[in-house]
Amino acid sequence: MNVNQSAPPVPPFGQPQPIYPGYHQSSYGGQPGSTAPPTPYGAYNGPVPGYQQTPPQGMSRAPPSSGAPPASTAQAPCGPATYGQFGQGDVQNGPSSTVQVQRLPGSQPFGSPLAPVVSQPAVLQSYGPPPTSAQVTTQLAGMQISGAVAPAPPTSGMGYGPPTSLASASGSFPNSGLYGSYPQGQAPPIGQAQGYLGVQTPQRSAPSQASSFTPPASGGPRMPSVTGPLLPGQGFGGPPVSQPNHVSSPSPQALPPGTQMTGPPGPPPPMHSPQQPGYQLQQNGSFGPARGPQPNYGSPYPGAATFGSQPGPPQPLPPKRLDPDAIPSPQLNELPPQQKTRHRIDPDAIPSPIQVIEDDRNNRGTEPFVTGVRGQVPPLVTTNFLVKDQGNASPRYIRCTSYNIPCTSDMAKQAQVPLAAVIKPLARLPPEEASPYVVDHGESGPLRCNRCKAYMCPFMQFIEGGRRFQCCFCSCINDVPPQYFQHLDHTGKRVDAYDRPELSLGSYEFLATVDYCKNNKFPSPPAFIFMIDVSYNAIRTGLVRLLCEELKSLLDFLPREGGAEESAIRVGFVTYNKVLHFYNVKSSLAQPQMMVVSDVADMFVPLLDGFLVNVIESRAVITSLLDQIPEMFADTRETETVFAPVIQAGMEALKAAECAGKLFLFHTSLPMAEAPGKLKNRDDRKLINTDKEKTLFQPQTGAYQTLAKECVAQGCCVDLFLFPNQYVDVATLSVVPQLTGGSVYKYACFQVENDQERFLSDLRRDVQKVVGFDAVMRVRTSTGIRAVDFFGAFYMSNTTDVELAGLDGDKTVTVEFKHDDRLNEESGALLQCALLYTSCAGQRRLRIHNLALNCCTQLADMYRNCETDTLINYMAKFAYRAVLNSPVKAVRDTLITQCAQILACYRKNCASPSSAGQLILPECMKLLPVYLNCVLKSDVLQPGAEVTTDDRAYVRQLVTSMDVAETNVFFYPRLLPLTKSPIESTTEPPAVRASEERLSNGDVYLLENGLNLFLWVGASVQQGVVQSLFSVSSFSQITSGLSVLPILDNPLSKKVRDLIDSLRAQRSRYMKLIVVKQEDKLEMLFKHFLVEDKSLSGGASYVDFLCHMHKEIRQLLS
Ligand SMILES: [Zn+2]
């Protein structure tokens, strides 16, 4: 069948059409326009009125006399239970009749009219079924990690040992947000680093190479084709071998010999003092030879152009420039003499992410991406482009690893390229693109195939004059209902095709009928419940006061549907420490009322009427409550908290109200109070690099999975805001958010003055974002392939339906496909993603996305239509899930093996014949090695000493639902020079590669990865620049670790601050700024993100990894 479509002659549907010119939305594609995009939260940009003027009273209260608060008692003297004097309303709003109510005597120190009611039913119930981890583990069964793994080798890398000076250098960094605390970790064991490999050599068994990747003598059985780490003393045994180095991509197919970088070492380093701790780290790494002198730091990369994406005849590389005045890397002088003579691989001669991104922007950023043609590879996620839906879903909704799928399973197995789609069903669109049209078929509901239940879409074939249609997914012939009948034109197309979104567009929505609703009842509008930890830690940091103040105004910005004047969402409030306090905020009350539930083992909701309310109606009572909460608990000494009962309470409240909704939990500590879901501190860094490391990622009790399952059944999504001072077991606490489609935010060592902006910004965005509730997603495929595996934040109770208690516009679900039959080149392969959900206004809807892919009988066609960014998204999610069940080393090895097989298959089947010593990469995958290396050395798979267990668990679950743009910048950060381009230039400066040798000490750089934002200041920056940005007279006066730039009235200051705002607006989480001075101890943290360099934790440099990949590929081919 023909799925290609021509453009409709007239705008369809008569609805407003997107305007294509003038598209400057910076949130999509990474190129902000000249003006900062509108913040999503205009009314909240300023300081919160009434908050900053008044210092938080809670902060000024005397803390407990001793450092740590006293151990909690059941009824702390200052606790809420002492608010025993009943207010006026206590009689009229008692708990439900099944609950025994006791009144507590007590004083009323704040004159609060709150009426506490302690409810203690006598019956204890067990909390839930015994722990089960089946949900997580069953999904991991597909991971192919075979064979035993060497037990805890000294280095966790691939043979690139870490330096020795880490422990002494790791100091106490300021709280960066992501890396909250930095315990003095043990230094990684010393590993002998292998500087580089000859990339092209006919003698595979040359002594130097053979020794380079010899596994340790003590190592266990090793993975096929995967080399083990080096032991000290290994690696440099052989004499230097002169090896011509060839690393090339197909365009040109191979670099001509003789263009390699074989220059002599440069003069001694004038730039870096050997005493600087930041550089000493490198000196022990034996890494110098691969990182040659880098002349012309700021200029575009001399050799990079040959790796551009424009196909063309092979071009000779310009000879490597060796400028005698250039600044060499300091390591050269530290090296044994024989290494200095080795040939190096020019970093400029290997594929550059920056160049690929730039080329795609230049080539594909100007024209809209029109989706009418099957199997088109969209522009990269880093390119700013507009989408015109002509029958296939926009790449903002679905991106695939390949847009041309092998016809047979055998071909697919040979290539080892995962067939996966990264789907973001509710993706937000730039204003220039129209939201999906909503189709209402009335009581009959959407038209579907009788057999496979696929929804009507542009690929369905109408036959017999329009009286029947053949399903494009299962080939079933269906009758067209009389009310849907329409004549066909001479091409067989319905004459109304362009009037109907479901016949002409890739994405659209159907209004669902009551048949699509739970219990055959249309849903009620959802509810938001704010559940606030009021234990000592939460009060002491000022969090509770800050949050309550913010909520007063934030509640005016709950998500609304379309042009609705007010939000349909109702709100409720709970505070808790080791007991829970529910609040009656019914509009008829003069003051809110509190009800205490201390029986946390059998959680119930003590009130129905007045708990979930309309914000506008109950405004006065809510404001009063939010005013009183910080006061009521100001003197608390309760340090213990519960956690699972809080979620249970919120879920029960939604159940009682018969609606879906979201819980916003603000939590500070490991829940150690006696209650269901009680946790113990089981953090143990000694487990890293052992077979038990996986337990650090697993929940310590199955209670949370059981609870999550109940939440999903109720449509109760949980967003968790964590404010830990120490280990809180993120791996366990994030189970419910993860399985309910929620989000986790973490603010380690939270302090109002330092972290307020970040927290409030995240909170505002989180509360306001549009969410689909009680959702089920199903991906249907045409005959030949089927969805077999799913990655993301959701729950699955069967093998096909992805259940999401909530789904927002940031969350993605990655779906992997496998062949179950032969595909057909002519008909291609079709995907249909159907998401059934309840909108913020309580409307039941179906969102449909369709995508047609090509199929091929030649592997070269697949390799020409791959998308590496999407491939990396899939591989990262695969690996991050696999660490739950396998040692991280085995996971890394699996990725390396798969990557080598992908590239070896290309070399064997698709590349033109060339010397075996040449590394040849497919054009579409030439960045696969560099990006995969970034995944391999990420904190989850290869943690440094400064990364905590909680950090790893946090990042692991964040990546699980990231889209392709997010994983792209997360694994390969953007590094932007700020003082290179003319000050009047309004465009974003072109990025440079994430490597230390790209940094010039006379410049200032911004680095961002979607979570972190650094401003790096070189030691020799002009005094005028320092003055303009920091308002101090010299470099030495700049405060290291600064998180806010002063607002100064000069062009440079304004430009840099605007750029920071623009970068923040592009990301789904607020990035806190950290100013890093060159050669300051904070620089260690910054260098962690220079991902082309060898990492402190032992991760390979890009050059080294490329050599390693080449060796793996050659082993596979030989
Ligand atoms: Zn069908």
Side-chain angles (χ1 to χ4, degrees), residues 1-5 374-375 391-393 397-398 400 405 407 409 419 421 423 425 436 439 441 444-486 488 492-494 496-497 500-513 515-516 776-788 790 798-802 815-836 845-855:
M1 62 172 279
N2 176 19
V3 295
N4 297 345
Q5 296 175 353
R374 184 176 84 189
N392 284 290
Y397 295 122
I398 306 181
C400 294
I405 301 179
C407 275
S409 161
L419 305 176
I423 307 178
V439 180
H441 284 315
S444 62
L447 190 54
R448 308 175 69 172
C449 169
N450 286 328
R451 185 197 288 159
C452 73
K453 303 295 178 192
Y455 294 85
M456 180 52 64
C457 71
F459 310 137
M460 297 287 187
Q461 283 269 298
F462 287 86
I463 53 176
E464 297 181 20
R467 281 177 289 119
R468 306 178 102 184
F469 70 94
Q470 181 168 27
C471 176
C472 52
F473 296 94
C474 72
S475 302
C476 174
I477 306 282
N478 297 271
D479 288 336
V480 174
Q483 73 275 14
Y484 199 76
F485 175 80
Q486 186 55 267
L488 309 182
K493 189 186 277 286
R494 279 173 62 119
D496 65 347
R500 291 186 176 273
E502 76 275 18
L503 297 180
S504 55
L505 295 180
S507 301
Y508 43 87
E509 291 200 330
F510 290 117
L511 278 189
T513 62
D515 299 339
Y516 293 85
V776 182
M777 188 181 111
R778 170 83 72 99
V779 178
R780 291 181 175 82
T781 49
S782 52
T783 309
I785 55 165
R786 63 192 168 90
V788 293
F790 302 84
N798 59 43
T799 56
T800 53
D801 293 327
V802 175
V815 183
E816 187 185 7
F817 302 96
K818 287 238 158 73
H819 287 76
D820 60 5
D821 203 348
R822 201 188 151 82
L823 290 165
N824 183 313
E825 267 185 298
E826 192 188 335
S827 50
L830 306 177
L831 314 179
Q832 183 177 79
C833 166
L835 178 81
L836 175 64
R845 292 182 178 176
L846 282 150
R847 179 170 288 203
I848 313 293
H849 298 296
N850 303 290
L851 186 63
L853 304 172
N854 284 329
C855 297

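Order of appearance sets the numbers: ligands from 1, and atoms from 1 within every ligand.
Cation-pi geometry between Arg780 and Phe473 is not satisfied (NZ or CZ under 6.0 Å from the ring centre, within 45° of the ring normal). Figure legend: Arg494 and Tyr484 shown as a cation-pi pair, the cationic atom lying under 6.0 angstrom from the six-membered ring centre and within 45 degrees of its axis.
The shortest side-chain heavy-atom distance between Pro436 and Arg847 falls under the 4.5 Å cut-off. A heavy-atom distance below 4.5 Å is found between the side chains of Leu419 and His819.
Here the angle centred on the Zn ion (ligand 1), running from SG of Cys471 over to SG of Cys452, is 100°, rounded to 10°.
Look at Cys472 and the Zn ion (ligand 1): no N/O/S atom of the residue is under 2.8 Å from the metal. When distances to the Zn ion (ligand 1) are checked against a cut-off of 2.8 Å, Cys449 contributes an N, O or S atom below that limit.
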